[in-house]
Amino acid sequence: MAEITYAQAVNAALRRALSEDPGTLLFGEDVALPGGVHGVTRRLRREFGERVFDTPISESAILGGAVGAAMMGLRPIVEIMWADFAFVAFDQLINQAANVRYVSRGRLTAPMTVRTQQGATPGSCAQHSQSVEALFAHVPGLRVCLPATPQDAYDLLLAAIGCDDPVVVIESRELYHSLKGPVDQDGPRAPIGGARVHRAGSDLSVVTWGPMLHTVLEAARVLESSGVSVEVIDARWIDPFDTDTVVDSVSRTGRLAVVHAANLTGGFGAEVVARVVERGVSLSAPPLRIATEDLRIPAAPALQRAAIPGRDTVAGRLLSMVAPATTA
Amino acid sequence: MAEITYAQAVNAALRRALSEDPGTLLFGEDVALPGGVHGVTRRLRREFGERVFDTPISESAILGGAVGAAMMGLRPIVEIMWADFAFVAFDQLINQAANVRYVSRGRLTAPMTVRTQQGATPGSCAQHSQSVEALFAHVPGLRVCLPATPQDAYDLLLAAIGCDDPVVVIESRELYHSLKGPVDQDGPRAPIGGARVHRAGSDLSVVTWGPMLHTVLEAARVLESSGVSVEVIDARWIDPFDTDTVVDSVSRTGRLAVVHAANLTGGFGAEVVARVVERGVSLSAPPLRIATEDLRIPAAPALQRAAIPGRDTVAGRLLSMVAPATTA
Amino acid sequence: MPHPPTQTALADLAGLWRIRVFEETVTRLRVEERIAGSVHLCIGQEAVPVGACAALDLTRDAVFATYRGHGWALACGADPAALFAELLGRETGTNGGRAGSAYLSDPGHGFYGENSIVGAHAPIAVGAALAARYDGSGRVALAVFGDGAMNQGAVHEAMNMASAFDLPVVFLVENNRYSELTPIAAMVRDDDLVSRAAAYGMPGSWVNGNDVGAVRRVVAEAVDACRSGRGPVLVEAHTQRLVGHYIGDAQTYRPRDEVEAARATEPIVVLTSALRAAGAGDAELSAVEARARAEIAAAAVTALAAPPADPATVKEHVHG
Amino acid sequence: MPHPPTQTALADLAGLWRIRVFEETVTRLRVEERIAGSVHLCIGQEAVPVGACAALDLTRDAVFATYRGHGWALACGADPAALFAELLGRETGTNGGRAGSAYLSDPGHGFYGENSIVGAHAPIAVGAALAARYDGSGRVALAVFGDGAMNQGAVHEAMNMASAFDLPVVFLVENNRYSELTPIAAMVRDDDLVSRAAAYGMPGSWVNGNDVGAVRRVVAEAVDACRSGRGPVLVEAHTQRLVGHYIGDAQTYRPRDEVEAARATEPIVVLTSALRAAGAGDAELSAVEARARAEIAAAAVTALAAPPADPATVKEHVHG
Ligand SMILES: Cc1ncc(C[n+]2csc(CCOP(=O)(O)OP(=O)(O)O)c2C)c(N)n1
Ligand SMILES: Cc1ncc(C[n+]2csc(CCOP(=O)(O)OP(=O)(O)O)c2C)c(N)n1
Ligand SMILES: [Mg+2]
Ligand SMILES: [Mg+2]
């Protein structure tokens, strides 16, 4: 299996969807002729012609256009260039797309996919840096996933496109061109949902998603050298969220940490903690959330590093969670 | 002290703010000449002239107008007629208002108040029924409160207007004209923040906010007749959230339930649960969230009753939380 | 005379009466508190849906309306009993009680629904028109909204995108001169709203929205332009509500005599006079009204006999 | 000749050079990876900020720009060393490193900031103008944005509200014919964007955005209209970027010869020729450039010597 980048995996999934289903459309700002500001949609216009097109800088028209086309039976895939920009048109997701099926009792549906990307990268300003998955996850009727590997960038996107309801796929700008991996492109399309255990462990369960997975995996390696065994779960989908996998893991390890790049308060980490403790799983330490401070994201790299948990912060806090127990 | 309605209390707070500070403006759709679609802003145009004015149906212009006027040193109070409508212009809150102070290191500020109202009422459709406080609460830089009594409708609004940062005040449409109470209008303006314990109890702590407070108080009375003593905490402010009051209470009762009208998943209830368990408070039962099902809000009264927890649901679920313990 | 031949005109009159009587019946049911919540009536504005829907091919075209959409649903062909049932929160409602008065839909009749977010359906209609590019349906999408909606960002984006891409959308403004409780004239510099079409390089037409025949003609021209690939058209129909913004609105913001004056030019009066002038007799005219009354009354009876929406189904259809 | 007298023109030329050299220096610092992240340069568009800011009274007026705003900050009078420091993430940056290249501000010089959400500052500028109604400042607000921003809902709402309320806002479109990587001509039916002013009953003016004197004149007229209470004005300045949308943009979407052709009509070339024609000598003209180079080079040195933003302050100023 050839290694390809995360961006190439997205591109491959789009190509497959556009090839397999003539009802699939792809549109958004700069996605067609220029091939996307990050090059993710390259060559698709050339291959699929008018089913791939550029739009005005009009997010309400893009998302509303997707809702309307989906209601008519097509399967639009649209791009919101940065997740931060969704908020100029959030109505079309929360009050429009999410309502279509429920309010019509299934007579109408909105099988649309919204691709976007998020995250802070050095120099990115407060309006181009937020991790906002929790805002989508609080909207019943929307599905939400955050692929963290090239294979998942491929699989989750195809699952999203195959879903008969609106799905928001939050890609990672920082991983687009920096992460390579083998990608099986011939498997059947997976259904939506399902966490993945990236690393088995016995002392502590860590739930994470998006590019933070890699930070957590590094931290887990650090802890391994201190003799602490960390189980790392990539939630992948936060709607539907795979509570069972998490609860199973925490039942074995007795400890839960959630790590995310989104701001702490009201982040989806709180939901994960609540779901686990509601089930009455017995814990040998209080659950822990490691997240970005409750602040706007500053642009300067030095400030970003202070705000967003990196490997050492994550490793240190995870260690302090098990330390009392191991020294006891 | 004369009893006035919740709506009259809001009106009185606005009048006081407009009288005391000539830099205060009040604008929004139908707020001036017509006095508001719910009559909340009646007579203010007549009393304060051009500082109170109607706007086009342009939420981005309303919120952006508030941001700009606030940056120039005025203190705008704007109305978003239904909280659901904030999403056509959410950018102006999340990417604009919330950033002003932080990104300028305090050289600029946005002392603006956004009044809105939310909740489902019989017949209200899915686009006019959501409880969306969690979406505001996940935005660092915004403050968020939900008054549940006429006195708080008065006090919290004045505190919000006095705050030097953007505050979202989420009023309750169902309480506007149905709830009366004594309102002290002569006290000093309170600072923002602070929960209120509405009822002391020893078996169970319930945290709630907004109109759900009254449902919880009714449920607490039902439980009292079964010999269960419920402490009821009205959070009032979910940013800043008064974690200490909640933790103190739960430390005494050993049980935590959070009740809200918002949808369960990703609701602010998860944050409350996470904050309490993170502190390692010892619990005699798993924490419980009682919330609206994860669905769009249906219009039919019979369906709404099935979706949104009412007194009996709340009482029943709270009782089941203590039952194992009391029978043990 | 400006009206079409008498058979069409009689059918138009029947269409106007059905909506008028439906809305009057809704008023009664709301006042009796059998219907709950906010209800927005289109009494006085009936000629716009009746004329416009007559110009559409509802086997393939798609209509997107506002919360003031009962008349549009009826003009599209929705069953009045199912509409009443929806307003009453019954299982047999068009949406099984999930939508209510302000958000109902009936896609089997080309009625893709009301929308309660001002202007939000304009881009959705653009999406329906976009689909027509690919699905070979020849569909035209019609988005109808009020004067106040012209100041909403989503409507601007929709008009520009439809124009840039030559999409088959009729943007129809029902200019009743008020946005809720505020006169549009105070919220725009130029209340000749159709002139905004030029900003998008899009043709625009003004029509007397109280004249059902004129509405049909102007919308038919717009639909033709769309169907032949010339792209979107903006139509402004001047009309008025003879009632409040919602049931219960005391209308203190309206000059006292405005509604009275409008009664002389409202669509049913106008069409009835024209038909009389064209030779229709009292009996014939009354029979049209009577048939509408009978149909709508029967529909209300049917709806009132239906079971309420079943709470056991409340969690169904959040996802597929 | 169309240019103002030589002293003003020399000052204009100095303004153009300062921005040009600043942006060239930024390019170098970005390529050297001392500046991180996306950077949007205004090389080729300098005449618009220089001309427009000369028409404002920055002791009371308020400028709101986009991510392509370094030139606007400089033309407002911001210290180039503080701007470099901001881009470099230093403590001495205009925003102490919190803003970066695309979101910086310097309110002490009337520069209320860049905005990285397309069009979002248009309503904010309306708010600043609204404040002028009450604070007696006589402030005019200027919102500058690109051609692509004209299709954003917030800009529409801002223009309508400013027009309806006669607010003192200059809406200035820098039409460089591209929105990121896509030509505006493909995204509107009519790329004569100033004609959209009529939709709001607002006056509109077109200006050659490569001619700094013309920009000053047209913006001065607009400011006059605002200051005298006649309400907002839309100004469209045609210009071009001589560089990519961001540093690193390969510009494959642009015809090969387009940038080359534009070099003949770009603002520095145009103004230099005009000054030569008006009698200015080579030495005088080179001295203007040299002074700009010296000033900007010194500013960069100052900025590079400043300490990085202090991580210990990262939690400050979320709230007051
Ligand atoms: C985005 C949004 N803002 C505000 C409202 C509240 N609202 C409902 S109807 C209405 C007035 C609309 O006026 P117009 O477009 O003229 O339509 P009409 O009611 O006259 O048919 C308003 C402001 C809303 N539903 N959605
Ligand atoms: C709401 C929003 N949508 C999309 C973007 C991404 N984006 C940044 S610049 C840009 C192009 C803007 O073009 P134009 O307005 O012509 O300004 P120019 O860059 O040419 O100066 C786009 C689409 C954004 N920042 N904000
Ligand atoms: Mg109207
Ligand atoms: Mg441009």
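Letters A, B, ... mirror the listed sequences (proteins, then strands); counts begin at 1.
- Look at C:Arg90 and C:Glu86 and you find no salt bridge, because none of the NZ, NE, NH1 or NH2 atoms lies under 4.0 Å from a carboxylate O.
- C:Gln251 and C:Tyr178 share no donor-acceptor pair across their side chains, judged by distance under 3.5 Å alone.
- Residue with the most contacts toward chain B among C:Ser116, C:Ser38, C:Ala186: C:Ser116 (heavy-atom pairs, distance under 4.5 Å).
- Within residues 112-128 of chain B, the residues having any heavy atom closer than 4.5 Å to a heavy atom of chain C are B:Pro122, B:Gly123, B:Cys125, B:Ala126, B:Gln127, B:His128, listed by residue number.
- Side-chain atoms of C:His156 and C:Arg196 form no donor-acceptor pair, as typed in the model, at a separation below 3.5 Å.
- Put simply, the side chain of C:Leu41 does not reach to within 4.5 Å of the side chain of C:Tyr246, judged on heavy atoms.
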Test log, rule side chain to side chain contact (heavy atoms under 4.5 Å, CB included), inputs C:His70 and C:Leu83
CA-CA 8 Å; C:His70 306 161; C:Leu83 293 173; 5.7 Å; no
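- Contact of C:Ala99 with chain B is made through the backbone alone, with heavy-atom distances under 4.5 Å.
- Counting heavy-atom pairs closer than 4.5 Å to chain B, the top-ranked of the candidates C:Gly148, C:Ala120, C:Ala102, C:Gly93 is C:Gly148.
- Neither the backbone nor the side chain of C:Thr252 comes within less than 4.5 Å of any heavy atom of chain B.
- Residue C:Val118 touches chain B through its side chain alone, counting heavy-atom pairs closer than 4.5 Å.
- Interface remark: C:Asp310 contributes backbone atoms only to the contact with chain B (heavy atom separation under 4.5 Å).
- Heavy-atom proximity under 4.5 angstrom to chain C picks out B:Asp30, B:Pro34 from residues 26-34 of chain B.
- For the residue pair C:Trp72/C:Glu174, the side-chain donor-acceptor check at 3.5 Å is satisfied.
- When each of B:Met81, B:Arg296, B:Arg305 is scored by its heavy-atom pairs under 4.5 Å with chain C, the top score falls to B:Met81.
- For the pair B:Arg51/B:Leu18, a side-chain contact is recorded, criterion being any heavy-atom separation below 4.5 Å from C-beta on.
- By number of non-hydrogen pairs under 4.5 angstrom with chain C, the leading residue of B:Asp84, B:Leu295, B:Val88, B:Ile297 is B:Leu295.
- Using a 4.5 Å cut-off between heavy atoms, C:Ser179 contacts chain B through both its backbone and its side chain.
- A donor-acceptor contact closer than 3.5 angstrom is absent between the side chains of C:His40 and C:Ser101.
- With no hydrogens or angles considered, no side-chain donor-acceptor pair links B:Asn11 and B:Thr41 at under 3.5 Å.
- When each of C:Ile35, C:Val39, C:Ile117, C:Asn95 is checked for heavy-atom pairs under 4.5 Å with chain B, C:Ile117 comes out on top.
- Counting heavy-atom pairs under 4.5 Å between each of C:Asp249, C:Asn115, C:Leu104 and chain B puts C:Asn115 at the top.
- Annotation for C:Gly69 and C:Glu114: closest pair N-OE2, 2.9 Å, computed over non-hydrogen atoms.
- Proximity of the aromatic rings of C:Tyr67 and C:Phe145 is defined here by a centroid distance below 6.0 angstrom, and this criterion is not met.
- Between the side chain of C:Gln152 and the backbone N or O of C:Gly119, no donor-acceptor pair lies under 3.5 Å.
- Between B:Trp82 and B:His38, the ring center distance clears the sub-6.0 Å criterion.
- Within the 3.5 Å criterion, the main-chain N or O of B:Leu175 finds a donor-acceptor partner in the side chain of B:Ser172.
- Few gaps surround CD on C:Glu32; more than 12 heavy atoms of other groups in view lie less than 6.0 Å from it.
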